[in-house]
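These notes are about the structure you will find just below.
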Amino acid sequence: MELKADFIERTESLFGKERFGRFVQALESAPVVSLRYNGAKMQAEPCDGNVPWAASGRYMSSRPVFTAGPLFHAGCYYVQEASSMFLEQVVKQYVDGAVRALDLCAAPGGKTTHLLSLLPQGSMLVSNEPVPARAQVLAENVVKWGHPSAMVTRNEPADFSPFRNFFDLIVVDAPCSGEGMFRKDAFSVEQWSVSNVELCARRQREILADIWPALRPGGLLVYSTCTFNREENEDCVEWIVDELGATPLALEADSSWGITGALAGSGHPVYRFIPGFTEGEGFFLALLQKDGDAPVAQPRQPRLSKAPAKVAETVSGWLVSPAEYDFMLQGEDVIALPKEHASAMAALMQKLKVLHCGIPLATVKNNKYLPQHPLAMSNELRRGAFDTVELTRQQALSYLHRETLQLDGAPMGFLLLQYEGVPLGFVKNVGNRANNLYPAEWRIRKNPAEL
């Protein structure tokens, strides 16, 4: 790996000669591969490869072809960089009750799916991504994770300005110069420049200033990057303290984890993950609290288009706890919103570009109900609501490739397909074939026979 002279000079000055030498040596090794299990769908067994700061995180000895694993597509696990799983410590140490949270720069979904697994019962999470293509990937990963109190939006940070004091917790994993990803991404090495570092630092401050009013007084802000330089890290934390009026908070971290503290600035508690010292890629995190104390703002009750009683009665039988949901119509689609968050979700839906919300249940046409794929992925799906068919691995891959299946002896109508007991999605069995209802845009591109 050929590092640019400016990067070497700046980073060696920041790290110190000895630390920088160990870091450069680590860049010549293979990237660390890690994943995190979805405890609502699949329990992970403890092993020697545990990520120490994340209970469901595991290191992999090699990188398998994840596309070839049906359970990956079912949302049983997420391939996530180990260092970024340190977010778990924020939730464990500072979040002790239900919160309304925002993951502002959330694509592709690592921190979002982690938060969905971590936040206390009764919490709600809005996951946002302004870039359209990345927002679609985020929505796919959120749907697969199966949490009912999740929303996915596609907006700029400034679009949240109407929602003053709306969130208890905001995570800003800011767009950055990507120095921490050099080992995984050769393109980021080529694209690096001092001018881009400066551009990113300015953009990070703009993002933080735009979203700050949406955090309630007393609320928590997680600021993180995947870069090393002080401009985007310690200097930005200093700016948040001085300009926005925030108090940095310390996190307990075991010394054996190899996490490095502040390398520049005033010495506020910050957490640096540096290859060669921690088992993962480069990462930086700081936790800050907004001064003051106030509850989250409660929106006025927006008018919801409630589903007719007959429709609600039909789809309610598909959920484990239907009494906990409001059933509403969006055109021909029926969506279940958790009652405790229905007002907040409806308020956001009126102002923002929403890609996913609650549990999309069915499309209703001519009194016929077509179950939607997010229902199959949902942790609230009632087992027994649909006839099920267990697939072999090759059948599962063919389904995920969106091929038409033949299910000899299976019941007619809508069927829920499973692999190792985990739902994969729906088909409509018409006898001589089963029409594939897997989302076309999610299908595996590679021929299943080659996987």
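Just so we're clear, the structure is a prediction, and the values are computed from it rather than from any experiment.
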| request: Tell me yes or no: between the side chains of Ser193 and Ser195, is some donor less than 3.5 Å from an acceptor? | output: yes
| query | Do the side-chain N and O atoms of Ser398 and Gln394 include a donor-acceptor pair separated by under 3.5 angstrom? | reply | no
| message | Does Asn432 have more than 12 heavy atoms from other residues, nucleotides or ligands lying within 6.0 Å of its CG? | response | yes
| Any donor-acceptor N or O pair under 3.5 Å, side chains Glu403, Asn436 | no
| query | After noting the C-alpha distance and the side-chain angles of Glu88 and Lys92, does the key distance pass the salt bridge (Lys or Arg N to Asp or Glu O under 4.0 Å) rule? | reply | CA-CA 6 Å; Glu88 179 163 324; Lys92 285 188 172 181; 2.8 Å; yes
| query | Any idea which heavy atoms bring Ala434 and Leu407 closest together, and the distance? | reply | CB-CD1, 3.9 Å
| request: Decide ring-ring contact (aromatic ring centres under 6.0 Å, His included) for Trp53 and Phe273; before the verdict, give the C-alpha distance in whole Å, the side-chain angles of both, and the deciding distance to 0.1 Å. | output: CA-CA 12 Å; Trp53 47 83; Phe273 290 68; 5.2 Å; yes
| query | Ion pair present between Glu156 and Arg203, side-chain N to carboxylate O less than 4.0 angstrom? | reply | yes
| query | Do Val222 and Ile170 touch side chain to side chain, with heavy atoms closer than 4.5 Å? | reply | no
| If you measure only the distance, is there a donor-acceptor pair under 3.5 Å linking the side chains of Glu232 and Asn229? | yes
| said: Can you see whether Asn38 engages Thr113 through a side-chain donor-acceptor pair at a distance of less than 3.5 angstrom? | reply: no
| said: Taking CD in Gln93 as the centre, count heavy atoms belonging to other residues, nucleotides or ligands within less than 6.0 Å. Is the count above 12? | reply: yes
| said: Which residues pass the ring pair (Phe, Tyr, Trp, His ring centres under 6.0 Å) test with Phe414, not counting sequence neighbours? | reply: none
| request: Taking the six-membered ring for Trp and the full ring for Phe, Tyr or His, determine whether the centres of Trp318 and Phe386 are under 6.0 Å apart. | output: yes
| task | Before giving the answer on ring-ring contact (aromatic ring centres under 6.0 Å, His included), spell out for Phe23 and Phe228 the whole-Å C-alpha distance, their side-chain angles and the decisive distance to 0.1 Å. | result | CA-CA 11 Å; Phe23 160 70; Phe228 298 122; 5.1 Å; yes
| request: Give a yes or no on whether Glu2 atom CD has more than 12 heavy-atom contacts from other residues, nucleotides or ligands under 6.0 Å away. | output: no
| message | How about CG on Asp254, more than 12 heavy atoms from neighbouring residues, nucleotides or ligands closer than 6.0 Å, or not? | response | yes
| said: Looking at Gln25, I want to see if its CD is surrounded by more than 12 non-hydrogen atoms of other residues, nucleotides or ligands under 6.0 Å. | reply: no
| message | Donor-acceptor pair, distance only, cut-off 3.5 Å: does the side chain of Glu129 make one with the backbone of Val131? | response | yes
| message | Please determine whether side-chain hydrogen bond (donor to acceptor under 3.5 Å, both in side chains) holds for the pair Gln406 and Asp408, giving the CA-CA distance in whole Å, both sets of side-chain angles, and the decisive distance to 0.1 Å. | response | CA-CA 6 Å; Gln406 186 170 346; Asp408 296 333; 3.2 Å; yes
| task | Kindly determine whether Asp103 and Lys111 satisfy salt bridge (Lys or Arg N to Asp or Glu O under 4.0 Å), including the steps that lead there. | result | CA-CA 8 Å; Asp103 187 0; Lys111 293 178 182 64; over 6 Å; no
| task | Answer yes or no: is there a side-chain heavy-atom contact under 4.5 Å between Ser127 and His356? | result | no
| task | Report the C-alpha distance between Glu324 and Lys339 in whole Å, list the side-chain angles of each, state the deciding distance to 0.1 Å, and finish with yes or no for salt bridge (Lys or Arg N to Asp or Glu O under 4.0 Å). | result | CA-CA 6 Å; Glu324 297 178 4; Lys339 286 184 175 180; over 6 Å; no
| Using a distance-only test with no angle check, is there a side-chain donor-acceptor pair under 3.5 angstrom linking Gln80 and Arg36? | yes
| Do we see a donor-acceptor contact under 3.5 Å between the side chains of Ser177 and Asn196? | no
| message | Testing the basics here: between Leu424 and Pro70, what is the closest heavy-atom pair and its distance to 0.1 Å? | response | CD2-O, 3.6 Å
| message | Taking the six-membered ring of Tyr438 as reference, does the cationic atom of Arg443 (NZ for Lys, CZ for Arg) lie under 6.0 Å from its centre and within 45° of its axis? | response | no
| Aromatic plane relationship, Tyr77 with Phe72 - under 30° parallel, 30 to 60° tilted, over 60° perpendicular | tilted
| task | Report yes or no: do Asn50 and Arg58 form a side-chain donor-acceptor pair below 3.5 Å? | result | yes
| query | How far apart are the closest heavy atoms of Cys357 and Met349, and which atoms are they? | reply | SG-SD, 3.8 Å
| Are side-chain heavy atoms of Phe86 and Ile259 found at a separation under 4.5 Å? | yes
| Minimum side-chain heavy-atom gap Val422-Tyr419 below 4.5 Å | no
| Are the side chain of Ser34 and the backbone of Ala82 linked by a donor-acceptor contact shorter than 3.5 Å? | yes
| task | Evaluate the ring planes of Trp145 and Tyr78, with Trp represented by its six-membered ring, and classify them as parallel (under 30°), tilted (30 to 60°) or perpendicular (over 60°). | result | perpendicular
| said: Nearest 0.5 Å, please: how far is OG1 in Thr112 from NE2 in His147? | reply: 11.5 Å
| message | Quick check: do Arg230 and Leu263 have side-chain heavy atoms less than 4.5 Å from each other? | response | no
| task | Kindly assign one of parallel, tilted or perpendicular to the pair Phe284 and Tyr223, based on the angle between their ring planes and the thresholds 30° and 60°. | result | perpendicular
| message | I'd like to check Lys184 versus Glu81 (side-chain heavy atoms, cut-off strictly below 4.5 Å). Are they in contact? | response | yes
| query | Is Thr11 reaching over with its side chain to a backbone N or O of Ile8, donor-acceptor style, under 3.5 angstrom? | reply | no
| Ring centroid separation for His73 and Trp442, is it under 6.0 angstrom? | no
| said: Pairing donors with acceptors under 3.5 angstrom, does anything connect the side chains of Gln372 and Thr363? | reply: yes
| Side-chain heavy atoms of Arg154 within contact of Pro132, under 4.5 Å | yes
| Would you call Asn435 and Val427 a side-chain contact if the rule is heavy atoms closer than 4.5 Å? | no
| query | Rounded to the nearest 0.5 Å, what separation is found between the CG atom of Asn128 and the SG atom of Cys105? | reply | 7.5 Å
| query | Got more than 12 heavy atoms from elsewhere within 6.0 Å of CD, Glu252? | reply | no
| salt bridge (Lys or Arg N to Asp or Glu O under 4.0 Å) evaluation trace for Arg183 with Glu281 | CA-CA 8 Å; Arg183 185 162 59 170; Glu281 304 310 309; 3.0 Å; yes
| message | For Ile211 and Phe167: C-alpha separation, side-chain torsions, deciding distance, then whether side chain to side chain contact (heavy atoms under 4.5 Å, CB included) applies. | response | CA-CA 10 Å; Ile211 202 60; Phe167 295 101; 5.8 Å; no
